[in-house]
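Because only heavy atoms are used, hydrogens play no part in the values below, and waters and symmetry mates are left out as well, while side chains stay in. Letters A, B, ... are given to chains in the order of the sequence lines, protein chains preceding strands, and every chain is numbered from 1. Note that the structure is predicted; figures quoted are calculated from it, not measured.
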Number of protein chains: 2
Amino acid sequence: MADGPGSQGHGGELLLYLTDEQLRQGIEAMFFAYRAFTADPDRILQGLHYGRAHHRAIHFINIAPGTTVNNLLSILGVTKQSLNRVLRTLIEDGLVESKVGRADKRERHLHLTEAGAALEHQLSEAQRARMRAAYRQAGPEAVAGFRRVLEAMMDPEMRRHYSGLREARG
Amino acid sequence: MADGPGSQGHGGELLLYLTDEQLRQGIEAMFFAYRAFTADPDRILQGLHYGRAHHRAIHFINIAPGTTVNNLLSILGVTKQSLNRVLRTLIEDGLVESKVGRADKRERHLHLTEAGAALEHQLSEAQRARMRAAYRQAGPEAVAGFRRVLEAMMDPEMRRHYSGLREARG
DNA sequence: ATTGGAATGTCAACAAGGCTGACTTAAAGT
DNA sequence: ACTTTAAGTCAGCCTTGTTGACATTCCAAT
């Protein structure tokens with residue numbers, strides 16, 4: 001591994017020279033960027049007696065309408081008790097609808113109501129606005145790299161749930 | 001690659017055309033990657049009666065030894081009561097040392113003890129390992145893009161605290 | 001020297017949102 | 001018939017965030 005810092009590891013042949021300092025900067029960048037990334041929806045949710053957990057549930061129900069509780073559980077990586085607490089309030093407040101499964105009546109299929117979809121859109125638009133601004137500022141090549149690093153950082157288990165891989169990767 | 005599928009001329013200007021779907025994938029990538037990113041240190045901390053808050057305190061005390069409580073507060077973005085609870089246990093357990101300031105004796109200057117530095121290294125090494133693997137897998141160009149997007153995503157306020165900008169940006 | 005304000009620390013109470021464990025109900029699978 | 005699965009519920013615990021109130025210490029200005 002006599003490669004300099006500019007070595008190309010794209011094919012996986014040559015190794016990158018990565019100092020602890022470079023890695024540390026990446027770690028801090030993740031910390032600060034993620035905080036900013038969640039700040040906008042948090043601001044909207046605060047005062048509505050909702051939190052980040054509700055946002056996540058709403059997000060994934062919107063992505064996969066009709067998903068079951070069990071499926072949502074495995075995506076979110078929390079216990080059913082934790083999810084249930086969140087889901088119950090969303091259903092009570094009329095943002096989420098829970099329908100008994102046709103094929104398997106044990107399952108509950110989750111959908112957003114109109115009100116739920118409206119909140120989802122408000123939340124995701126706030127997040128998209130920041131993402132859009134960052135993408136524009138960084139440029140298309142940077143965006144591709146950003147996505148590549150994040151995908152490589154995920155647990156393989158979670159990569160299954162990540163919809164980005166099912167399309168637009170070629 | 002100035003005009004890949006992600007960019008498109010727009011009224012003569014070279015604006016990025018970003019679909020909601022592309023942005024959503026970026027949002028989800030952040031979610032899943034951040035979870036993976038914090039999972040390794042969380043695993044180490046669990047059972048030691050420490051949590052992510054302790055990790056963050058230890059991290060930034062290590063980066064800026066001698067930092068004051070107030071400065072740490074503004075970096076972490078939590079209340080002094082929250083930070084104090086964490087700091088107190090770290091001091092009691094002999095991981096952090098709090099020294100009264102010489103110039104201003106109201107201030108407390110924070111340092112890691114040897115034990116604290118050892119834990120810091122264990123935690124950061126776990127995180128670096130994942131980051132290193134992702135960087136190697138994605139390649140140097142992707143890493144540069146990753147950093148650029150994250151920096152653009154941060155709040156300007158927080159960019160001041162981000163050490164990555166003070167060096168290695170040319 | 002006294003006073004005002006800043007920095008720090010502490011106590012108490014509360015909420016969100018994780019967790020475990022135990023248990024029920026209903027439906028499906030065998 | 002029995003077991004397993006999906007979902008829901010109750011109770012209790014932990015971490016980590018929040019407010020509000022208050023004490024202490026010290027610097028700096030009056």
Where each residue is assigned the nucleotide of DNA chain D containing its nearest heavy atom, which of B:Arg102 and B:Gly51 is assigned the position nearer the 5′ end? B:Gly51
Per B:Val69 side chain, nearest of listed nucleotides D:dG8, C:dG9, D:dC27: C:dG9
C:dC19 phosphate, OP1 or OP2: any side-chain N/O from A:Ser82 under 4.0 angstrom? yes
Donor-acceptor contact below 3.5 Å, side chain B:His54 vs main chain B:Gly51: yes
Touch check for B:Gly101, heavy atoms < 4.0 angstrom, all strands: base, sugar-phosphate only, or nothing? nothing
Please report the distance, rounded to the nearest Å, between CG in B:Leu72 and C1' in C:dG9. 15 Å
Mind calculating the distance between CG (B:Leu87) and P (D:dT15) to the nearest angstrom? 16 Å
Base, sugar-phosphate or nothing for B:Arg85? Non-hydrogen atoms, less than 4.0 Å. base
Interatomic distance where CG belongs to B:Asp42 and C1' belongs to C:dG17 [whole Å]: 14 Å
So does A:Ala36 get a backbone contact from the side chain of A:Arg130, meaning a donor-acceptor N/O pair under 3.5 Å? yes
Please determine if a side-chain N or O atom of B:His54 lies less than 4.0 Å away from the OP1 or OP2 oxygen of D:dT16. yes
Any donor-acceptor pair under 3.5 Å from A:Ser82 side chain to A:Thr79 backbone: no
Close aromatic pair by centroid cut-off 6.0 Å: B:Phe31 and A:Phe60: yes
On DNA chain C, check which nucleotide each of B:Arg88 and A:Lys80 is closest to and give me the residue with the more 5' one. B:Arg88
Round to the nearest Å and state the distance from A:Ile58 atom CD1 to C:dG17 atom P. 11 Å
Map A:Arg56 and A:Arg106 onto DNA chain C by nearest heavy atom, then report which one ends up closer to the 5' terminus. A:Arg56
Rounded to whole Å, the CD1-P distance (A:Ile91 to D:dA7) equals 11 Å
For atom CG of A:Leu48 and atom P of C:dG17, their distance in whole Å: 12 Å
Under 4.0 angstrom, heavy atoms only, what part of the nucleic acid is A:Ala103 near: base, sugar-phosphate, or nothing? sugar-phosphate
Checking contacts here: which listed nucleotide (C:dT8, C:dC19, C:dA28) is nearest the side-chain heavy atoms of A:Thr79? C:dC19
Of all the choices, D:dA11, D:dA7, D:dT16, which nucleotide is nearest to the side chain of A:Glu107 once you look at every atom? D:dA7
May I ask you to decide if A:Gly94's main-chain N or O and A:Thr113's side chain share a donor-acceptor pair within less than 3.5 Å? yes
Whole Å only: how far is the CG atom of A:Asn70 from the P atom of D:dT4? 17 Å
Mind checking if A:His109 touches a base, just sugar-phosphate, or nothing, with heavy atoms under 4.0 Å? nothing
Taking the six-membered ring where the residue is Trp, are the ring centres of A:Phe32 and A:Phe37 under 6.0 Å apart? no
With respect to the side chain of A:Asn84, which nucleotide from C:dG9, D:dT9, C:dA28 is positioned closest? D:dT9
Just the rounded figure in Å: distance from P of C:dA16 to CD of A:Gln46. 12 Å
Considering only side-chain heavy atoms of A:Gln81, which listed nucleotide, D:dG8, D:dC10, C:dA12, is closest? D:dC10
